[in-house]
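Below is one structure, written out as structure tokens, with a few remarks after it.
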Amino acid sequence: MNYKEKDVKNAMHNNKIAFENLYRDINTDLYKMALYVLGNSQIAEEVVSDTVLDALTGITKLKDETRFEAWILKMLTNKCKRRMKENYNKFSVFNPNAQDFDDSLNEQLCQEKDIDVKTDIQIALSKLQPKDRMIVTLCVVEGYKSREVAAVLSMKPTTVRSRLNRSLAKMRGYLEVKE
């Protein structure tokens, strides 16, 4: 996530304009993560909105501006977990209520031009357990280090790395072409 620590510090002192700047800087990243985890653009937007509202009301309680990213990601992941429990146990791209990825966002999230590859990746990701899907999303898609993901998900970094490796191996297995 790219944002200015100065904006975080000012937002912590109830500066609404600084929070607006912060929101502009992090909104897309939060949305992409929620979309990958939840698989539904409308629910992802709702979860991000809830997260941002909670952040707006709670940022004055944040003690250290350097912990902002972990703080907001923790909020987002908890809201995603709650939403997954409320709506369905396991995300499926075949869920008739699931909305398709927006074409413009698809180009942002996947560099591949082939729509079949995108669909295969979405299906492989959907077959993972929710926590594993979150780990893959945070590490691979968002580019966070295992120690950062561990802090967000309350896990050990070694556990994050092993679950990431197992999840990627599972996805590779799902994506392999059987001849």
Side-chain angles (χ1 to χ4, degrees), residues 1-3 5 8 11-12 22-23 25-41 43-59 61-93 95 98 101 105 108-110 120-176:
M1 269 190 231
N2 292 323
Y3 58 90
E5 276 193 29
V8 175
M12 288 170 59
L22 204 52
Y23 171 75
D25 292 341
I26 64 170
N27 184 47
T28 303
D29 291 331
L30 294 176
Y31 176 72
K32 285 192 298 187
M33 185 185 153
L35 184 61
Y36 260 116
V37 170
L38 298 168
N40 181 303
S41 60
I43 294 174
E45 286 174 9
E46 290 172 14
V47 167
V48 170
S49 292
D50 291 346
T51 301
V52 169
L53 285 174
D54 287 353
L56 176 63
T57 58
I59 197 161
K61 296 173 189 160
L62 185 64
K63 291 177 176 60
D64 182 7
E65 67 268 3
T66 62
R67 302 286 302 143
F68 171 75
E69 191 167 339
W71 176 72
I72 198 149
L73 284 175
K74 182 81 169 178
M75 261 195 284
L76 181 69
T77 56
N78 286 338
K79 289 186 182 304
C80 286
K81 285 180 201 176
R82 252 183 255 121
R83 231 8 145 84
M84 285 190 291
K85 282 181 185 175
E86 286 173 13
N87 293 333
Y88 36 81
N89 277 341
K90 188 163 180 166
F91 163 73
S92 169
V93 292
N95 180 347
F101 285 105
L105 186 60
Q108 250 183 350
L109 299 177
C110 284
D120 291 345
I121 291 170
Q122 290 171 12
I123 291 169
L125 190 60
S126 75
K127 290 182 179 182
L128 299 176
Q129 294 299 317
K131 194 164 241 177
D132 293 335
R133 194 168 47 242
M134 228 173 269
I135 289 170
V136 170
T137 301
L138 285 168
C139 290
V140 177
V141 178
E142 296 296 325
Y144 289 100
K145 293 178 176 25
S146 59
R147 65 179 161 70
E148 296 168 323
V149 174
V152 169
L153 298 178
S154 303
M155 302 170 87
K156 292 181 180 178
T158 53
T159 304
V160 169
R161 286 190 294 274
S162 62
R163 286 183 80 157
L164 175 64
N165 288 331
R166 274 196 303 265
S167 298
L168 292 176
K170 282 181 188 177
M171 288 181 70
R172 229 177 273 116
Y174 299 139
L175 294 169
E176 284 180 354

Has the side chain of R147 got a donor or acceptor atom that lies under 3.5 Å from a matching backbone atom of P157? no
Please report the interatomic distance [atom1]([X]) to [atom2]([Y]), rounded to the nearest 0.5 Å.
X	Y	atom1	atom2	value
T28	Y23	OG1	OH	8.5 Å
K81	L76	NZ	CG	11.0 Å
I72	I26	CD1	CD1	3.5 Å
K63	W71	NZ	CH2	11.5 Å
T159	L153	OG1	CG	11.0 Å
T137	L125	OG1	CG	5.0 Å

Considering residues at least two apart in sequence or located in another chain, which fulfil the salt bridge (charged side-chain N to carboxylate O under 4.0 Å, His left out) criterion with E46? R83
For a quick test of your reading: what N or O donor-acceptor pairs under 3.5 Å do the side chains of residues 168-175 make, sequence neighbours left out?
none

Got a sec, which pairs hit salt bridge (Lys or Arg N to Asp or Glu O under 4.0 Å) with one end in residues 68-80, sequence neighbours left out? D54-K79
Suppose the criterion is salt bridge (Lys or Arg N to Asp or Glu O under 4.0 Å): which pairs have a residue in residues 156-168, not counting sequence neighbours? D132-R163
Taking the side chain as every heavy atom from C-beta outward, state whether L138 and V160 have any atom pair closer than 4.5 Å. no
Could you walk me through whether L62 and V8 pass side chain to side chain contact (heavy atoms under 4.5 Å, CB included), step by step? CA-CA 9 Å; L62 185 64; V8 175; 4.3 Å; yes
Which one of L73, V47, V48, L38 satisfies the side chain to side chain contact (heavy atoms under 4.5 Å, CB included) criterion with M33? L73
If the test is side chain to side chain contact (heavy atoms under 4.5 Å, CB included), which one of V152, T77, V149 qualifies with M134? T77
Show the nearest heavy-atom pair for residues [X] and [Y], with the distance to one decimal.
X	Y	value
E45	Y31	CG-CE1, 3.5 Å
S167	V136	CB-CG2, 3.6 Å
C80	V37	CB-CG1, 4.0 Å

Which residues satisfy the side chain to side chain donor-acceptor pair (under 3.5 Å) test with D64, sequence neighbours excluded? T66
Got a sec, which residues hit ring pair (Phe, Tyr, Trp, His ring centres under 6.0 Å) with Y3, two or more places apart in sequence or on another chain? F68
